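Data first, discussion second: the structure below is written as structure tokens.
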Amino acid sequence: MTELAVAPAPSDFIRDVVAEDLRTGKHTRIVTRFPPEPNGYLHIGHAKSICLNFGIAHEFNGICNVRMDDTNPTKEETEYVDSIMADVYWLIDGWADKNLGGAPLYTSDYFDRLYQFAVELIAKGKAYVDDMTAEETDEFRRLGKASRFRNRPAEENRDLFERMKGGEFPDGTRTLRAKIDVNAPNVWLRDPVLYRIRHASHHHTGDKWCVYPMYDWAHTLSDYIEGITHSVCTLEFEVHRPLYDWILQALELSPPVPHQYEFARLNLTYTVMSKRKLIQLVNEKLVNGWDDPRMLTISGLRRRGVTASALRAFAYNIGITKYPGMTDMAVLDHTIRDEFNRTAERRLVVLHPLKVLLTNYPEGKVEELEAVNNPEDENAGRRKVPFSRELFIDAADFMETPPPKYFRLKPGGEVRLKYAYIIKCDEVVKDSSGNVTELRCTVDLDSKSGGATSNRKVKGTIHWVSAAKANDAEVRLYDRLFTAVEPDASGDFKSFINPHSLDVVTAKCEPALADATPEKRYQFERLGYFTLDPDSTATKQVWNRTVTLKDTWAKEAKRS
RNA sequence: UACCCCGUGGUGUAACGGUAACACAGCGCCCUUUGGAGGCGUUAUUCUUGGUUCGAAUCCAAGCGGGGUAGCCA
């Protein structure tokens, strides 16, 4: 099993529609799109959407456009465009052709055409310039009342709209509104605003414009312009769909026209997903930037060590529906472990070193013992691990007064050192304040792994490194960022930040780990999966714990 | 409040009028030189009430519950 996570093509209600439209000949080539607003970094919820839209294009031989939905100059920045494209390419690379979507497109590149469409709508008597304030507009809409400017002659509307574009009027003084039905049951049909005045510099069009289209106008027509067949968005836009369809009909656009479909956005336990909250975490320095490995941003997940293929497998596992549920973070963890168990090479690393002296093992002797790189993959080969008189084991693998069912080292007890010998703890050395500083043990020389007399069983097997040959490395142990299942369910989500979400230790690593590369994932035996962080230098490795191993002992220990 | 959408084990999904299944989580056992992985088993599900039908998770109606929308944000 070297092919990973190439799951069978998933099926869901949207793919069903796509397949049907192809079957009936309604469409001959599928075009989807992923339309982020460049006002923040992409998160795992966007990954779900990317996998859906690119997935459909990929499976049905179509294309998927990445389109910056940049109609609000006051919120959008080029930095975000760059991060978004980096994330999208990373996520789809090796799975769908990058050129499936090509270079990023921009709604702002269509501003001229969108403006012309608006002029057309005015000419058809289906839009008018309104002079009411934002507050008045809101109130009238709530009351279902018509604006007193609603019946302006088309020519006056045309003139006013042109002068809006010309910059004659200050921000907020006028809007262009669709003339639909001020009393419609669906509030989005109560003469929605199509254009507003914003004397602001735009990240992509500079100072060319001072009127900017609203989402519904821009998005619908951008879909049409690009020949989108299936415009897939999240549930909160469901009530916009009648407006989407109205716009296409009002302009009497020739078919085929796009159709909008909605699915439930991703909700995950123990995290927050809204851009507003993520940006707060960054700005208030509660995390170290957008790509902090504790963030559920795509860049954060990438830095943490999650692979694109694992993220895609996750998107596949959770499915697509209209039910707005809450997915357990355990599903993400499981998906990552599932892949890494098959692909990650094993290494011995001691996180919290406790010295062990083997009293009956010769001083100065070094044995090169053989270790399996990956028990799940024979092709991963073997390596040598040096063994000597002084070792480090993890402090958690020794207890002076252990609870029942503790299989590791204890005074007078025995344990197997992985790939090496069985040792017995004879003596516990402590400092003046009673802390254990060293263990004196004896080796059963007949118990060497792979040897003729190695068959003796002991209950526990622990990892270790040779003190003389070990290399130091910084290891960043990440845990979930929030302690509450739903941090934003009530109160201030920041009050649920996990104070132990990051623990930094200096670990002792076996020599073979020195050759590690950033692309590879490693399992530190019995501890978890780890990835080299970009903070690493030629002289110092920095490791991120992507996810722990499943730990049934922790559960057992909690019980007693 | 109005309008729209959605209700299948604890969680996420499947079953497309014909035996309610899969994954995660949980529990138990087996195996294990990772308390990992793996294997086996197990707990537990169609919101309610009517209707249509030989037959309903599926279609219809009402109720109940949950979510969304009511920015000159997207």
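Residue numbers begin at 1 in each chain, while the letters A, B, ... track the order of the sequences. Worth saying up front: this structure is predicted, and the values here are computed from it rather than measured.
- A:M326 places its CE atom 12 Å from the C1' atom of B:G12, with the value rounded to the nearest Å.
- With contacts defined as side-chain heavy-atom distances shorter than 4.5 Å, the pair A:W217/A:L121 qualifies.
- Stacking is found between A:F407 and the pyrimidine-like six-membered ring of the B:G35 base under the 5.5 Å centre-distance and 30° plane-angle cut-offs.
- The residue A:N72 sits close only to the backbone: its heavy atoms come under 4.0 Å of sugar-phosphate atoms, none of a base.
- Checked for salt-bridge contact, A:R276 and A:D488 miss the test: no charged N lies under 4.0 Å from a carboxylate O.
- The side chain of A:K459 contributes no N or O atom lying less than 4.0 Å from OP1 or OP2 of B:U32.
- A donor N or O paired with an acceptor N or O is not found under 3.5 Å between the base of B:G67 and the side-chain atoms of A:E238.
- With B:G35, B:C73, B:C72 as the choices, the nucleotide that has an atom nearest any side-chain atom of A:A134 turns out to be B:C72.
- Taking atom C1' on both B:A20 and B:A44, the two are 13 Å apart, rounded to the nearest angstrom.
- Among the protein residues, A:Y406 comes within range of the nucleic acid bases, having at least one heavy atom under 4.0 Å from a base atom.
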Between A:E37 and A:Y215, does a side-chain hydrogen bond (donor to acceptor under 3.5 Å, both in side chains) hold up when you go through it step by step?
-> CA-CA 10 Å; A:E37 184 188 14; A:Y215 164 81; over 6 Å; no

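- Proximity of A:R196 to the phosphate of B:A74: a side-chain N or O atom is located under 4.0 Å from OP1 or OP2.
- In this model, a side-chain donor or acceptor of A:H240 finds a partner on the base of B:A74 within 3.5 Å.
- Other residues, nucleotides and ligands contribute more than 12 heavy atoms inside 6.0 Å of the NZ atom of A:K384.
- Contacts of residues 219-226 of chain A with RNA chain B (heavy atom under 4.0 Å): none.
- Between A:H463 and B:U34 there is no side-chain N or O to OP1 or OP2 distance below 4.0 Å.
- The residue A:T175 sits close to a base: some heavy atom pair falls under 4.0 Å.
- With no hydrogens or angles considered, a side-chain donor-acceptor pair links A:S231 and A:R33 at under 3.5 Å.
- Note that A:R174 lies in the cation-pi zone of A:F169, set by a 6.0 Å cut-off to the ring centre and a 45° limit from the axis.
- Shown are A:R382, A:R347, A:R346; of these, the side chain to side chain donor-acceptor pair (under 3.5 Å) with A:N373 is made only by A:R347.
- A:K405 comes within 4.0 angstrom of a base, heavy atoms only.
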Give the intermediate values and the outcome of side-chain hydrogen bond (donor to acceptor under 3.5 Å, both in side chains) for residues A:H230 and A:N53.
-> CA-CA 9 Å; A:H230 302 264; A:N53 281 295; over 6 Å; no

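- Here the separation of B:G10 from B:G63, taken at their C1' atoms, is 27 Å to the nearest Å.
- Residue contacts for A:Y215: at a heavy-atom cut-off of 4.0 Å it reaches a base atom on one of the strands shown.
- Here the options are A:D397, A:T548, A:T461, the test is side chain to side chain donor-acceptor pair (under 3.5 Å), and the partner is A:R526; only A:D397 passes.
- Nucleotides B:C3 and B:C47, compared at atom P, are 25 Å apart to the nearest Å.
- For A:T552 and B:G36, the shortest distance from a side-chain N or O to OP1 or OP2 is below 4.0 Å.
- Considering only side-chain N and O atoms, A:R526 lies under 4.0 angstrom from the phosphate OP1 or OP2 of B:G35.
- Nucleic acid contact for A:G144: none, since no nucleic acid atom lies under 4.0 Å from a heavy atom of the residue.
- Residue A:K75 has no polar side-chain atom (N or O) positioned under 4.0 Å from OP1 or OP2 of B:A74.
- Comparing B:A56 with B:G65, their P atoms sit 27 Å apart, to the nearest whole Å.
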Here RNA chain B, pairs taken as Watson-Crick or G-U under 3.5 Å and shown with ( ), [ ] when crossing and | when to another strand, reads (((((((..((((....[..)))).(((((.......)))))....(((((..]....))))))))))))....

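- No hydrogens or angles considered: a donor-acceptor pair under 3.5 Å links the side chains of A:T107 and A:D69.
- At a threshold of 4.0 angstrom between heavy atoms, the contacts of A:T321 are confined to the sugar-phosphate backbone, with no base atom among them.
- Using a 4.0 Å cut-off, no side-chain N or O of A:R190 falls inside it from OP1 or OP2 of B:C3.
- Atom name C1', nucleotides B:A57 and B:U19: the rounded distance is 14 Å, in whole Å.
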Step by step, work out the ring pair (Phe, Tyr, Trp, His ring centres under 6.0 Å) result for A:F387 and A:Y361.
-> CA-CA 10 Å; A:F387 185 86; A:Y361 195 84; 5.2 Å; yes

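- Within the 4.0 angstrom heavy-atom criterion, base atoms lie near A:G172.
- A:M68 is not listed as a side-chain neighbour of A:E76, based on a closest heavy-atom distance of 4.5 Å or more.
- Within the 4.0 Å cut-off from OP1 or OP2 of B:C73, not a single side-chain nitrogen or oxygen of A:K275 is found.
- One N or O donor and one acceptor, one from the side chain of A:Q523 and one from the base of B:U34, sit under 3.5 Å apart.
- Between A:R198 and B:C73, a side-chain N or O to OP1/OP2 separation shorter than 4.0 Å is present.
- Of all the residues in residues 259-274 of chain A, not one reaches under 4.0 Å from RNA chain B with any non-hydrogen atom.
- Between the side chain of A:R408 and the base of B:G35, at least one donor-acceptor pair of N or O atoms lies under 3.5 Å.
- Among the nucleotides B:C4, B:G36, B:U33, the one closest to any side-chain atom of A:K457 is B:U33.
- Taking atom CD1 of residue A:I14 and atom C1' of nucleotide B:C16, one finds them 16 Å apart after rounding to whole Å.
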